[in-house]
Amino acid sequence: MGVEGLCDSHCHLDFEQFDPIREQVLLESYRVGVRDIVVPGVEAQYWDRLCQLCFSQQQHDHPRLWASLGLHPCFIEKHQPGDLARLEKLLRARGSGSLCRVVAVGEIGLDFWLPDSDRSTQLALFSEQLVLAKKFDLPVLLHARKSHDQVLQQLRGTPLGRGGIVHAFSGSLQQAEQYIALGFKLGVGGAVTYPRATKLRSTIKLLGEEHWVLETDAPDMPLYGMQGRINRPDNIPLVLQALAELFERDERQLAVQLRQNAETVLPELATA
């Protein structure tokens with residue numbers, strides 16, 4: 001019998017790459033023990049599709065899908081002036097029988113790895129979305145690439161009551177500790193399966209298992225040996241296996257801890 005109750009805390013299941021295989025992927029994910037998948041939004045034009053997907057999936061026995069809505073820093077040129085107002089409207093309606101059951105604000109953050117990135121526009125957009133998360137008492141799903149210090153500065157300026165998850169964390173031990181002090185969990189996915197990921201492995205082990213949550217970032221960030229293939233949420237058990245080997249822990253026991261970590265940030269996952 002496999003591990004049960006796994007959560008993929010960051011999976012772009014609404015992306016078009018999954019259109020021809022989505023039902024198969026969901027069934028296979030359920031078969032290997034995945035019970036919850038958090039689907040982060042990246043562009044306003046796709047929020048309706050994401051919400052409809054999450055809503056319709058709640059009617060089935062295989063993985064529950066949970067919506068998160070945000071404006072991703074990598075798509076600055078695609079965001080429109082009215083997107084923030086629309087986001088606020090959807091967040092306000094989330095608890096009143098709305099189709100869109102939003103559990104977080106994200107994927108939001110800063111990406112300074114991009115060449116010629118418009119840092120000032122990214123910072124303004126990130127700041128405004130943090131204000132919305134604070135206003136509606138929601139956690140955030142953070143994207144931070146070559147920008148951890150700036151992201152942390154923004155978080156200190158707008159402290160969030162429910163923290164969030166730092167997606168695909170790859171920063172230093174000191175940065176990780178600062179996120180944790182602000183109420184955040186750290187997302188770990190396929191990167192931990194790469195033999196050369198010595199820095200990440202060291203950070204994971206030094207911090208301990210109570211600070212991490214599982215993710216895939218599917219269809220991106222493939223696991224070691226799967227380069228060039230679409231990443232999928234049913235690969236989560238392989239990430240768990242890599243972590244269990246790192247911590248020298250039984251996979252089932254570790255899965256319970258990682259589930260508790262996810263529920264700390266996203267208490268909706270603890271519902272029946």
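Any value given below was found using the heavy atoms of this structure, including those in side chains, with hydrogens, waters and symmetry copies removed.
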Going by an N to O cut-off under 4.0 Å, is there a salt bridge joining Glu4 and Arg252?
no
So Val239 and Glu215, do their side chains get closer than 4.5 Å, heavy atoms only?
no
Give a yes or no on whether a salt bridge exists between Asp14 and Arg22, defined as a side-chain N under 4.0 angstrom from a carboxylate O.
no
Flag the pair Val38 / Asp8 as yes when at least one side-chain heavy-atom distance between them is below 4.5 Å, and no otherwise.
no
May I ask you to say whether Asp48 pairs ionically with Arg86, meaning some side-chain N is under 4.0 Å from a carboxylate O?
yes
Between Asp36 and Cys7, is there a donor-acceptor pair closer than 3.5 Å when you use the side chain of the first and the backbone of the second?
no
Could you check whether any side-chain N or O of Asp217 sits under 3.5 Å from a backbone N or O of Asp220, counting only pairs where one atom can act as donor and the other as acceptor?
no
Below 30° counts as parallel, above 60° as perpendicular, anything between as tilted: where do the rings of His167 and His143 land?
tilted
Do other residues, nucleotides or ligands put more than 12 heavy atoms under 6.0 Å from Glu77 CD?
yes
Note, Ile21 side chain near Gln24 side chain (heavy atom, < 4.5 Å)
yes
Nearest heavy-atom pair of Pro40 and Cys11: which atoms, and what distance?
CD-O, 3.4 Å
Does Arg145 count as lying over the ring of Phe112, i.e. NZ or CZ under 6.0 Å from the six-ring centre, within 45 degrees of the axis?
no
Any non-hydrogen side-chain atom of Gln129 less than 4.5 Å from a side-chain atom of Val140?
no
Report yes if the side chains of Arg119 and Leu110 come closer than 4.5 Å at any heavy-atom pair, otherwise no.
no
How about Glu210: does its CD atom have over 12 heavy atoms from other parts shown lying under 6.0 Å from it?
yes
Please step through side chain to side chain contact (heavy atoms under 4.5 Å, CB included) for the pair Leu71 and Ile108, ending with a clear verdict.
CA-CA 6 Å; Leu71 299 167; Ile108 67 173; 5.6 Å; no
CA sep, side-chain torsions, deciding dist, call: Leu6, Val3, side chain to side chain contact (heavy atoms under 4.5 Å, CB included)
CA-CA 7 Å; Leu6 299 175; Val3 177; 3.7 Å; yes
Take Val265 and Val213 through the side chain to side chain contact (heavy atoms under 4.5 Å, CB included) test and state the conclusion after the steps.
CA-CA 10 Å; Val265 178; Val213 295; 5.9 Å; no
Is any side-chain heavy atom of Leu266 closer than 4.5 Å to a side-chain heavy atom of Ile165?
yes
With distance as the sole test, does Asp234 use its side chain to make a donor-acceptor pair with the main-chain N or O of Glu28 at under 3.5 Å?
no
For residues 149-159, tabulate all N or O donor-acceptor pairs below 3.5 Å that involve a side-chain atom, not counting sequence neighbours.
unit_1 : atom_1 : unit_2 : atom_2 : d
Asp149 : OD1    : Gln175 : NE2    : 3.1
Arg156 : NH2    : Gln178 : OE1    : 2.2

Looking at Lys89, I want to see if its NZ is surrounded by more than 12 non-hydrogen atoms of other residues, nucleotides or ligands under 6.0 Å.
no
Rounded to the nearest 0.5 Å, the OG atom of Ser9 sits from the CG atom of Leu186 at a distance of 10.5 Å
Whether Arg232 side chain and Val25 backbone form a donor-acceptor pair below 3.5 Å:
no
Side-chain H-bond candidate by donor/acceptor type, Asn235 with Thr216, under 3.5 Å:
no
From Thr193 OG1 over to Arg201 CZ, what is the distance, rounded to the nearest 0.5 angstrom?
7.5 Å
Are the aromatic ring centres of His12 and Phe18 under 6.0 angstrom apart?
no
I need the Trp212 CH2 to Leu246 CG distance, nearest 0.5 Å.
9.5 Å
Taking the side chain as every heavy atom from C-beta outward, state whether Ser120 and Asp118 have any pair of such atoms under 4.5 Å apart.
yes
When you measure from the side chain of Arg259 to the backbone of Gly5, do you find a donor-acceptor pair of N or O atoms at a distance under 3.5 Å?
yes
Is the Tyr179-His148 ring centre distance short of 6.0 angstrom?
yes
Can a donor-acceptor pair be found, under 3.5 Å and without considering hydrogens, that links the side chain of Arg94 to the backbone of Leu91?
yes
Short question: side chain of Arg31, backbone of Leu26 - any donor-acceptor pair under 3.5 Å?
no
Donor-acceptor contact below 3.5 Å, side chain Thr264 vs main chain Gln260
yes
Begin from the C-alpha positions of Gln122 and Ser117 and carry the test side chain to side chain contact (heavy atoms under 4.5 Å, CB included) through to its verdict.
CA-CA 8 Å; Gln122 283 193 41; Ser117 61; 3.5 Å; yes
Any Lys146 side-chain heavy atom under 4.5 Å of Asp111 side chain:
no
Tyr194: which other cluster members, linking ILVMFWY side chains closer than 4.5 Å, directly or transitively?
Tyr224
